[in-house]
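As the structure lists them, so they are numbered: ligands from 1, and atoms in each ligand from 1. Everything numeric in this text was worked out from a predicted model, so none of it was measured.
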Amino acid sequence: MNLRKSAAVAATVAALALTATACGGESGNAGDKPAGGSGGKNQPKLPTYTVAKDVKVDSPTLKKAQKAGKIVFGAKDDQPFLGFQDTDGKRSGFDIEIAKMVAADLGFKPDQIEFKTVDSNVRETTISKGEVDLYVGTYTINDERKKQVGFAGPYFMAGADLLVRADEKGVTGPDSLKGKTVCSIKGSTPLQEIKKPKYGAKTVELSKYSECVQQLLNNEVDAVTTDDAILKGYAAQRPTKLKVVGKPFTKEPYGIGMNKDDKALRDAVNNAIEAHEKNGDYKKAYDATLGLSKSAYTEPPALERY
Ligand code: GLU
C-alpha cells in the first residue's frame with residue numbers, strides 16, 4: 001500500500017473509532033449520527049458472565065492456558081459492533097462477548113483474556129501454530145477450513161451482501177455486478193464467491209475490510225462484499241454515505257476456531273455456547289452490540305457438534 005492510501009486507511013479507522021466511542025454514550029461524530037440511538041441511559045446493557053471454578057477438561061490447549069493463567073483469543077479489530085478495537089485498545093462487539101462467555105465457562109476472568117488481532121488471510125495458520133488458543137472473528141465454518149482447524153458452533157448465521165455508497169443506483173444485488181469493481185479481503189469466503197465468472201465482477205483484494213470501506217468512500221471501487229452483519233456495522237457508522245443492498249447471496253455460519261484435533265475443547269466450547277444461549281446472555285449480548293447496527297435478532301442456529 002502506498003503512503004497516501006495508508007494515511008487514508010488510518011483516517012477511516014480513527015473515524016470509526018470515534019463513532020464507536022459515540023455509541024458508548026459519549027459525544028457524536030460530525031456529519032453522521034452515532035449508530036444505536038441516543039446512547040447512555042437507553043442503551044441495552046452488556047451482561048456479565050459467571051466465571052466457572054476448577055474446570056477440568058482433557059484438552060491440551062486448555063491445560064496450557066490454565067498453566068499460563070490466561071487464554072489467548074484471535075479476533076478482528078475493525079468490525080464495528082462485532083470485533084472492534086478503539087484507540088485506547090478497548091475491544092467491543094458481539095464476537096468479543098462470545099469470547100468472554102466461553103472464557104468464563106472455561107474458568108478465565110475478563111482480565112485473563114488476551115486478544116490478538118488476526119485477519120482473515122492468516123487465521124488457519126495462526127490457529128494451527130498455536131499462536132491463539134481460540135478464534136472468534138466472523139469465521140465461517142466450512143469443509144475446506146475443517147481440514148486445518150476445528151470449529152465449535154455455529155453461534156450465528158450471516159450471509160454475504162454488498163455495501164455501496166448511499167447514492168448508488170446501479171448495484172442492486174449480486175446479479176448487477178457485471179463490469180463493476182468489488183472490494184473484499186484475502187482469505188474470505190465472500191471474495192471466493194464473488195470471483196466466480198457468473199458475476200462478471202472485477203475484484204480488488206485487500207487485507208482489512210476497513211481498507212475496502214475507505215476505497216468505497218473514495219470512489220475507487222463500486223461495492224464492498226462480505227457478511228451482512230459486518231457491512232451493517234459500517235453502514236450504521238456512516239448512514240449518510242453508505243448503505244447495505246440487503247440481498248444476501250451465501251450462508252455464512254460463524255464458528256469458534258481452534259486446534260483441529262482438540263475434540264475435548266470443541267465439546268467444552270459448544271457446551272459454553274449452549275449454556276449462554278439458554279440462560280439469556282446471548283440475546284442480551286446481541287442487543288447491546290450487533291442489535292445496535294440494525295441487524296435484526298434471529299434465534300441462534302443449531303450447534304453442529306462433530
Ligand atoms: N465469514 C466470512 C469468512 O469467514 C467473511 C468474514 C471474514 O473474512 O471474517 O471468510
Side-chain angles (χ1 to χ4, degrees), residues 9 13 16 73-85 91-99 115-128 132 134-163 174 182-196 199 201 203-216 221 223-235 244-245 247-258 260 273 289-290 293 295 298 300-301 304:
V9 168
V13 171
L16 286 172
F73 278 83
K76 297 282 174 58
D77 65 353
D78 68 338
Q79 296 176 350
F81 308 100
L82 266 164
F84 192 81
Q85 186 171 30
R91 306 247 177 191
S92 63
F94 186 60
D95 277 342
I96 301 302
E97 293 307 308
I98 295 286
F115 285 104
K116 272 190 191 169
T117 300
V118 179
D119 288 313
S120 299
N121 56 338
V122 288
R123 283 185 289 214
E124 287 81 31
T125 46
T126 308
I127 296 166
S128 322
V132 296
L134 291 165
Y135 184 90
V136 192
T138 64
Y139 198 12
T140 296
I141 304 172
N142 65 30
D143 290 343
E144 196 52 38
R145 289 175 177 167
K146 273 191 194 163
K147 290 178 193 156
Q148 296 179 67
V149 299
F151 284 106
Y155 62 89
F156 183 76
M157 186 62 80
D161 208 324
L162 296 163
L163 181 74
V182 182
C183 190
S184 197
I185 67 161
K186 294 174 206 159
S188 74
T189 45
L191 175 63
Q192 256 176 30
E193 175 67 22
I194 215 71
K195 283 170 91 160
K196 290 182 181 164
Y199 296 110
T203 57
V204 170
E205 305 175 18
L206 304 176
S207 296
K208 291 187 92 74
Y209 287 113
S210 43
E211 298 170 355
C212 280
V213 173
Q214 187 58 53
Q215 292 223 351
L216 183 63
V221 298
V224 177
T225 188
T226 188
D227 305 336
D228 46 5
I230 303 172
L231 298 177
K232 282 178 191 168
Y234 290 121
V244 178
V245 167
K247 290 198 191 125
F249 51 95
T250 63
K251 281 212 170 1
E252 308 289 337
Y254 287 177
I256 300 180
M258 65 192 81
K260 179 166 135 345
I273 299 171
T289 56
L290 260 188
S293 69
S295 275
T298 49
E304 197 189 307

For this session: Find all atoms of ligand 1 within a distance of less than 4.0 Å from any non-hydrogen atom belonging to Ile230, and give their numbers and elements.
Result: 6 (C)

Exercise. Does ligand 1 have an atom that lies less than 4.0 angstrom from a heavy atom of Gln192?
Worked result: no

Exercise. Does a side-chain N-to-carboxylate-O contact under 4.0 Å join Glu97 and Arg91?
Worked result: no

Exercise. With atoms numbered from 1 as shown, which atoms in ligand 1 lie under 4.0 angstrom from a non-hydrogen atom of Lys76?
Worked result: 7 (C), 8 (O), 9 (O)

Exercise. Around atom NZ of Lys116, are there more than 12 heavy atoms of other residues, nucleotides or ligands at under 6.0 Å?
Worked result: yes

Seminar exercise, completed: ligand 1 to Tyr209, heavy atom cutoff 4.0 Å, flagged ligand atoms 5 (C), 6 (C), 7 (C), 8 (O)

Exercise. Side chain or backbone of Ser188 under 4.0 Å from ligand 1, or both, or neither, by non-hydrogen atoms?
Worked result: both

For this session: Give the C-alpha distance, both sets of side-chain angles, the deciding distance and a yes or no for salt bridge (charged side-chain N to carboxylate O under 4.0 Å, His left out) between Lys147 and Glu124.
Result: CA-CA 10 Å; Lys147 290 178 193 156; Glu124 287 81 31; over 6 Å; no

For this session: May I ask you to check whether Arg123 has an N/O atom sitting below 3.5 Å from an N/O atom of ligand 1?
Result: yes

Problem set entry | Partners meeting side chain to side chain contact (heavy atoms under 4.5 Å, CB included) with Thr189 (sequence neighbours left out) | Thr140, Asn142, Arg145, Glu252

For this session: List every atom of ligand 1 that sits less than 4.0 Å from any heavy atom of Tyr139, numbering the atoms from 1 in the order shown and giving each element.
Result: 4 (O)

Seminar exercise, completed: Near Ser120 (heavy-atom distance under 4.0 Å), the atoms of ligand 1 are 7 (C), 8 (O), 9 (O)

For this session: Please determine if Lys247 and Asp161 form a salt bridge, counting it only when a charged side-chain N lies under 4.0 Å from a carboxylate O.
Result: no

Exercise. Does Gln79, backbone or side chain, put an N or O under 3.5 Å from an N or O of ligand 1?
Worked result: no

Problem set entry | Heavy-atom closest pair, residues Leu163 and Leu216 | O-CD2, 3.5 Å

Exercise. Which atoms of ligand 1 sit under 4.0 Å from any heavy atom of Tyr254?
Worked result: 1 (N)

Problem set entry | ligand 1 versus Ala160: contacting region, heavy-atom distance under 4.0 Å | neither

For this session: Tell me, please: is Leu191 in heavy-atom contact with ligand 1, that is, under 4.0 Å?
Result: no

Exercise. Is the side chain of Ser295 donor-acceptor paired with the backbone N or O of Ala229 at a distance under 3.5 Å, no angle test?
Worked result: no

Exercise. Short list, please: which atoms of ligand 1 are under 4.0 Å from a heavy atom of Pro190?
Worked result: 2 (C), 5 (C)

Problem set entry | Donor-acceptor side-chain pairing of Tyr135 and Thr126 below 3.5 angstrom | no

Problem set entry | Residues that Ser207 engages under side chain to side chain contact (heavy atoms under 4.5 Å, CB included), provided they are two or more places apart | Asn121, Lys186, Glu211

Exercise. Taking heavy atoms and a distance under 4.0 Å, where does Asp227 meet ligand 1: side chain, backbone, both or neither?
Worked result: side chain

For this session: Pick one of side chain, backbone, both or neither for how Lys186 approaches ligand 1, counting any non-hydrogen atom pair under 4.0 Å.
Result: neither

Exercise. Which protein non-hydrogen atom lies closest to atom 4 (O) of ligand 1, naming both residue and atom, and how far is it?
Worked result: Arg145 NH1, 2.8 Å

Problem set entry | Where ligand 1 meets Thr138 - atom numbers and elements under 4.0 angstrom, heavy-atom basis | 1 (N), 2 (C), 3 (C), 4 (O), 6 (C), 7 (C), 9 (O)

Seminar exercise, completed: The answer for which part of Thr226 has a heavy atom under 4.0 Å from ligand 1 is side chain

